[in-house]
Amino acid sequence: MAKRYVYLESEEDVQILAERWFNDRGAKVEFQAAGDDLGGGCNRVIAQVDKDVENGIDAVGILDRDSLAARSHWDAFFDAADASCSNRSPFGERIYVLRCWEIENYLLHPVVIESFLADEKGRSERPEADVNRELFDILCDLVPVVAGSLVLTSYGQRTLEKGFGLNQTFLGNYAQVAQQIESRLSPEAAESLDTCIEHIVGFGDAHHDRSTAHWLELIRGIDGKRFVVWLIHHYQLGKTREIRFHLASLTRNRGVLEAVLDDFFFKLVNT
């Protein structure tokens, strides 16, 4: 049986998909991180897939949604209907783009987060509505920071540090982010912060009830790694604590993998 090679942007992504989510599909598919000698993560994946296909190898690539922003496909990035995701991406028919910002976003189901926190804190799991309310409160304060980083990216500037804005409210972060953009770029550039925030909030426009469905739609436009940093800080889990792999295992063990993952994942691994 010919094996399909699925190229990902990082070794951490491979550890999640190959070792924790699809570790029973080894005969059919092999997940690999694209080679380090080909440039950035997005470029590596595209180049490696092209190389394999030219050599007659069945290969596909998976890119984070933020690769659309990095390459200035802004309409596609902010499209809440996800028309450019799956294999309708602007990168070719063998390149799939995640519906979410990056792999980390798929670890953030409220049931998974609460299961981890309950074990970590030695307590019972709380009702889902209470968990959702708390997560939305954390996310609300983070939105201006994510939006500001996207504005900076659109001008070719480095993004804000992952810890930027911790311990600040929405309004406090909004003011600090606007100041950063104005000082690095211009007052005119800072005016686009509101539009970017509207686009991010728009990912959840199908729901307005702070439900789990609302959460899973909204976080598509949120920097997943940044949110994990905020999660660790908010719950005092330790500055250097690596929780992604624990969350990844729980995502499968708690039976929510199919609820969070894009449909094309199952198509790729079952072919």
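Everything numeric in this text was worked out from a predicted model, so none of it was measured. All values below were derived from every heavy atom in this structure, side-chain atoms included, with hydrogens, water molecules and symmetry-related copies excluded.
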Any ion pair linking R4 and E30 (charged N to carboxylate O, less than 4.0 Å)? no

One thing to verify: whether R65 and D82 come together as a salt bridge, which I'm taking to mean a side-chain N less than 4.0 angstrom from a carboxylate O. yes

For the residue pair W21 and Y106, does the interplanar ring angle fall in the parallel (under 30°), tilted (30 to 60°) or perpendicular (over 60°) class? perpendicular

Do the rings of Y7 and Y5 sit parallel, tilted or perpendicular, given the 30° and 60° boundaries? parallel

Non-neighbouring partners of F91 that pass ring-ring contact (aromatic ring centres under 6.0 Å, His included), sequence neighbours left out: H73

Under a 4.0 Å N-O cut-off, is there an ion pair linking R94 with D58? yes

Quick one: do E114 and K121 make a salt bridge, cutoff under 4.0 Å? no

By side-chain contact (heavy atoms from CB on, under 4.5 Å), which residues pair with E19, not counting sequence neighbours? Q15

Once you measure the plane-to-plane angle for F116 and H246, does it fall in the parallel (<30°), tilted (30-60°) or perpendicular (>60°) bin? tilted

Taking the six-membered ring for Trp, are W215 and F227 ring centroids under 6.0 Å apart? yes

For the pair D262 (side chain) and F264 (backbone), establish whether a donor and an acceptor sit closer than 3.5 Å, ignoring hydrogens and angles. no

When you check the gap from the basic side-chain N to the acidic O, do E104 and R244 get nearer than 4.0 Å? yes

Set of side chain to side chain donor-acceptor pair (under 3.5 Å) partners for Q176, sequence neighbours left out: none

